[in-house]
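Notes for the one structure printed next.
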Amino acid sequence: MDRAVRALGELTGVDVLGPVPVPARQDRPAGLVRAIVRFDYAQGSEVAKRLRGALVADAAGASSRVAGRKPGRARPEALRLRFDDRGVFDA
């Protein structure tokens, strides 16, 4: 998450809300965090490019050969991106 937030740090007109802890539920583990990124539509391409770069860097830095982890399974703490996800505002 830190890498993604830093990637957006120098863009003007981009607001990062968070990161904040995500409440644990039965279907998701404890310890996850979420950030919401607000930006003008015109900046969408640049924001997406930078966030995708952070996502790739995060995935490349995580070894898929960690003991005990099955191949093809994402880490629960892996960086995930969602664009135009209004569900985060639902209670």
Side-chain angles (χ1 to χ4, degrees):
M1 172 77 69
D2 293 335
R3 186 186 318 242
V5 171
R6 281 193 312 270
L8 299 175
E10 61 208 38
L11 291 175
T12 58
V14 174
D15 296 321
V16 178
L17 307 173
V20 297
V22 176
R25 294 190 322 211
Q26 241 179 346
D27 60 336
R28 91 178 146 222
L32 299 180
V33 295
R34 169 181 291 150
I36 297 173
V37 180
R38 298 185 311 172
F39 53 90
D40 289 334
Y41 186 77
Q43 292 178 291
S45 178
E46 183 63 26
V47 169
K49 181 175 112 180
R50 289 175 184 231
L51 289 176
R52 279 189 207 115
L55 180 82
V56 169
D58 182 66
S63 172
S64 62
R65 293 178 292 281
V66 173
R69 191 167 73 210
K70 296 178 183 176
R73 300 283 301 164
R75 299 172 291 135
E77 71 278 6
L79 181 62
R80 298 180 195 163
L81 300 176
R82 291 188 194 169
F83 288 89
D84 199 26
D85 182 13
R86 295 166 194 244
V88 299
F89 297 108
D90 295 338

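Quantities reported herein were computed from a predicted structural model and do not represent experimental measurements. Worth knowing before you read on, the calculation uses all heavy atoms, side chains too, and leaves out hydrogens, waters and symmetry mates. Residues: numbered from 1 along the sequence shown.
- Residues satisfying the side-chain contact (heavy atoms from CB on, under 4.5 Å) criterion with V56, sequence neighbours excluded, are absent altogether.
- Q43 and G13 get closest at one heavy-atom pair: OE1-O, 3.5 Å.
- Nearest heavy atom pair, residue A4 against residue L51, reads CB-CD2, 3.9 Å.
- When all heavy atoms of E46 and L11 are compared, the closest pair comes out as CG-CD2, 4.0 Å.
- Between A35 and P19, the shortest heavy-atom contact is CB-CA, 4.1 Å.
- Under the 3.5 Å distance criterion, the side-chain polar atoms of R34 are left unmatched by any main-chain donor or acceptor of V22.
- Put simply, OG1 on T12 and CG on D40 are 9.0 Å apart, with the number rounded to the nearest 0.5 Å.
- We find the CD-CZ distance between E10 and R50 to be 4.5 Å, quoted to the nearest 0.5 Å.
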